[in-house]
2 protein chains.
Amino acid sequence: MTQENAKHCQAVPASLDYEQLLRGADLRVTRPRVAVLAAVHENPHADTDSIIGAVREDLTVSHQAVYDVLRAVTDAGLVRRIQPSRSVARYEPNTHDNHHHIVCRSCGAIADVDCALGTAACLTPVDDHGYAVDEAEVIYWGLCPSCGTPDPANPPVRKDFRVCF
Amino acid sequence: MTQENAKHCQAVPASLDYEQLLRGADLRVTRPRVAVLAAVHENPHADTDSIIGAVREDLTVSHQAVYDVLRAVTDAGLVRRIQPSRSVARYEPNTHDNHHHIVCRSCGAIADVDCALGTAACLTPVDDHGYAVDEAEVIYWGLCPSCGTPDPANPPVRKDFRVCF
DNA sequence: CGCATTTTCTTGAGTCATTCAAGAAACGAT
DNA sequence: ATCGTTTCTTGAATGACTCAAGAAAATGCG
């Protein structure tokens, strides 16, 4: 875990707590679900493939199960799904603190940032066109420190958003 | 074009203006490029498939050409690509007014909204973690007027983000 | 204008994240 | 423990998007 992200990471809950989390959301407790929740908490902004990898260190699961679980816990609000343009889906624990993300255009690295406005103000667009708004998602785009200060030995790569985060 | 989006739509330029736009961006002027630019200006928030359809009303082009053109004009800054979570890529003319979007969770409808903060403030996260930020993208999530006021004759559909915008 | 150079478009195949479907296994309420 | 429901496994399919090689078209120059 990077220094940058530490602020938004509460202590990783023990296995028992994931059970609580699932039961609290009216979801059945299964080993794949606990393992996926653990993987999401331990790997900030991980994509599905990384989560499958992490889960399989403890357990044999099909990729389909991971997709199903991620959908279930996301729908239940336990996990937040983020998907910057041109990226695959990524997941993080839902901390309910309305923090946002900075994404590097070059390498795809993601960092957490606090909401500049506080939870409430952020939800108030000037004109909501009659929409019932319940979330404001902010993505800051730019270059991360390593990509912004070009290093000939380590050139920024556009495509490979998945290796570096 | 809906009333809601009218504010962000300048008059649709004539064909000649698209030529100017392309030349100004150091891009060669070709019939597919002019047609794609026109389609993007005439169809707010259209996905690639819709753009292919619109272009093919005037011209025979391969889908690959449309993908290539969209990439070229997006990289050149003539067009903005937006891709809310779980949606395919969508395109709009780059108006450089830093407006944002409201997306309906149910049907995927997208509406434009002005930036609540003005161009400058919006680019200033509280802590940029050393990133050189050049854009702040805000997506408000909620329910559009038709999905928010349930109508038994027209139930909200989750999956079909592409039919309704 | 006509040719050469470079870029762009066509054609057709391929990739990869994600989803679908059917049956087996696991959960939890009685 | 058993039953009914939900979840997981297996294997195939979908679909947006990309790759690659050659044909066609656009720009620059004589």
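Every chain is numbered from 1 and lettered A, B, ... according to where its sequence line falls, protein lines coming before strand lines.
- The backbone N or O of A/A46 sits nowhere less than 3.5 Å from a side-chain atom of A/N43 that would complete a donor-acceptor pair.
- The nearest whole Å value for the distance from the CG atom in A/L59 to the P atom in D/dT7 is 16 Å.
- When all heavy atoms of B/A72 and B/L27 are compared, the pair lying nearest together is O-CD1, 4.2 Å.
- For the pair B/Y67 OH and D/dA16 P, the interatomic distance rounds to 7 Å; values are reported in whole Å.
- The two residues B/Y91 and B/T74 have their closest heavy-atom pair at CE2-OG1, 3.6 Å.
- Taking atom CD1 of B/I52 as the reference point, atom C1' of D/dG15 lies 12 Å away to the nearest angstrom.
- In DNA chain C, stems built from 3 or more consecutive Watson-Crick or G-U wobble pairs, each with both distances under 3.5 Å, span C:1-30 with D:1-30.
- The distance between atom CZ of B/R86 and atom P of D/dG15, rounded to the nearest whole Å, is 17 Å.
- Distance, A/D75 CG to C/dT19 P: 11 Å, rounded to whole Å.
- For the residue pair B/H99 / B/D112, a side-chain donor-acceptor distance below 3.5 Å is found, with atom types taken as modelled.
- For the pair B/A89 and B/R23, both in contact range of DNA chain D, the more 5′-proximal nearest nucleotide belongs to B/A89.
- Between A/P32 and A/V66 there is no side-chain heavy-atom pair separated by less than 4.5 Å.
- Side-chain N/O atoms of B/R71 include none lying less than 4.0 angstrom from OP1 or OP2 on D/dC17.
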Checklist entry - When every nucleotide of nucleotides 5-14 of chain C is labelled 5' to 3' by its protein contacts under 4.0 Å (heavy atoms), B for base, S for sugar-phosphate only, - for none, what sequence of letters results? => result -BBSSBBB--
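- Look at A/E135 and A/R80 and you find a salt bridge, because one of the NZ, NE, NH1 or NH2 atoms lies within 4.0 Å of a carboxylate O, short of that distance.
- A straight line from CG of A/D49 to P of C/dT19 spans 14 Å, rounded to a whole angstrom.
- A donor-acceptor contact under 3.5 angstrom links the side chains of A/E92 and A/H101, judged on distance only.
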Checklist entry - Run the salt bridge (charged side-chain N to carboxylate O under 4.0 Å, His left out) check on A/D134 and B/R105 step by step: do they pass? => result CA-CA 10 Å; A/D134 60 62; B/R105 285 188 195 283; 2.6 Å; yes
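- In this structure, CD of B/E19 is placed 12 Å from C1' of D/dA26, rounded to the nearest angstrom.
- In terms of hydrophobic clustering, with Ile, Leu, Val, Met, Phe, Trp and Tyr side chains grouped at heavy-atom distances under 4.5 Å, A/L143 and A/I139 are assigned to different clusters.
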